[in-house]
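This report concerns only the one structure given below.
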Amino acid sequence: MREGSTWIETRKMYGSKASEHFEVVELVPNEKIVLKVDGTKGTTGKGEYLFTYRVGGTGDQSNVHLHGEIGGLTGLTKMFGKMMAGPFKKATAKDLDALKDYLESNQG
């Protein structure tokens, strides 16, 4: 993975498959990765999502902090986006837990 890397991620959302196009826009090894999702290319057809993962820690422990931003929404989608803030936070927390489980099970 490097800056400019792209992929399509498909997952089940509300009983239907949803696909989004990801791009690595910044990568600082062992410190930070910034991912952009261009909603116009995905299932939603709208918006731009920016996810910044910061990695830190000491010794044999690491901490991953996630900051997300959503832009480019208008009208009803903007209102719906604000209503979805809580479920979105829960979904990203679940993603971070899955990342933790994956990393811990693939040590060594």
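Quantities reported herein were computed from a predicted structural model and do not represent experimental measurements. Side chains included, hydrogens not; waters and symmetry mates left out as well; all remaining heavy atoms used.
- Salt bridge Arg54/Glu31: absent, no basic N to carboxylate O contact under 4.0 Å.
- Atom CZ of Arg11 and atom OG of Ser16 lie 14.5 Å apart (nearest 0.5 Å).
- Residues Glu3 and Leu27 come closest through the heavy atom pair OE2-N, 3.1 Å.
- Closest of all the heavy-atom pairs between Ile8 and Ser19 is CG2-CB, 4.0 Å.
- How far CD of Glu26 is from NZ of Lys36: 13.5 Å, rounded to the nearest 0.5 Å.
- Hydrophobic clustering keeps Leu35 apart from Val28 (ILVMFWY residues linked when any side-chain heavy atoms are closer than 4.5 Å, directly or through intermediates).
- Follow the hydrophobic side-chain contacts under 4.5 Å out from Val25 and you never reach Leu66; the two are in separate clusters.
- The aromatic rings of Phe51 and Tyr49 lie parallel to each other, their planes meeting at an angle below 30°, with 60° marking the opposite boundary.
- Linking Ile, Leu, Val, Met, Phe, Trp and Tyr residues whenever their side-chain heavy atoms come within less than 4.5 Å places Tyr53 and Trp7 in a single cluster.
- Looking at His21, its side chain never comes within 3.5 Å of a backbone N or O of Gly42 through a donor-acceptor pair.
- Side chain of Ser5 to backbone of Met1: no donor-acceptor contact under 3.5 angstrom is found.
- Two different hydrophobic clusters hold Val34 and Val64 under the rule that ILVMFWY side chains link at heavy-atom gaps under 4.5 Å.
- In this structure, Asn30 places its CG atom where only 12 or fewer heavy-atom neighbours from other residues, nucleotides or ligands lie under 6.0 Å away.
- Atom OG1 in Thr6 sits 8.0 Å away from atom NZ in Lys41 (nearest 0.5 Å).
- With contacts defined as side-chain heavy-atom distances shorter than 4.5 Å, the pair Arg2/Val24 does not qualify.
- To the nearest 0.5 angstrom, Thr40 atom OG1 is 8.5 Å from Glu48 atom CD.
- Within a 6.0 Å radius of CD in Glu104, more than 12 heavy atoms belonging to other residues, nucleotides or ligands are found.
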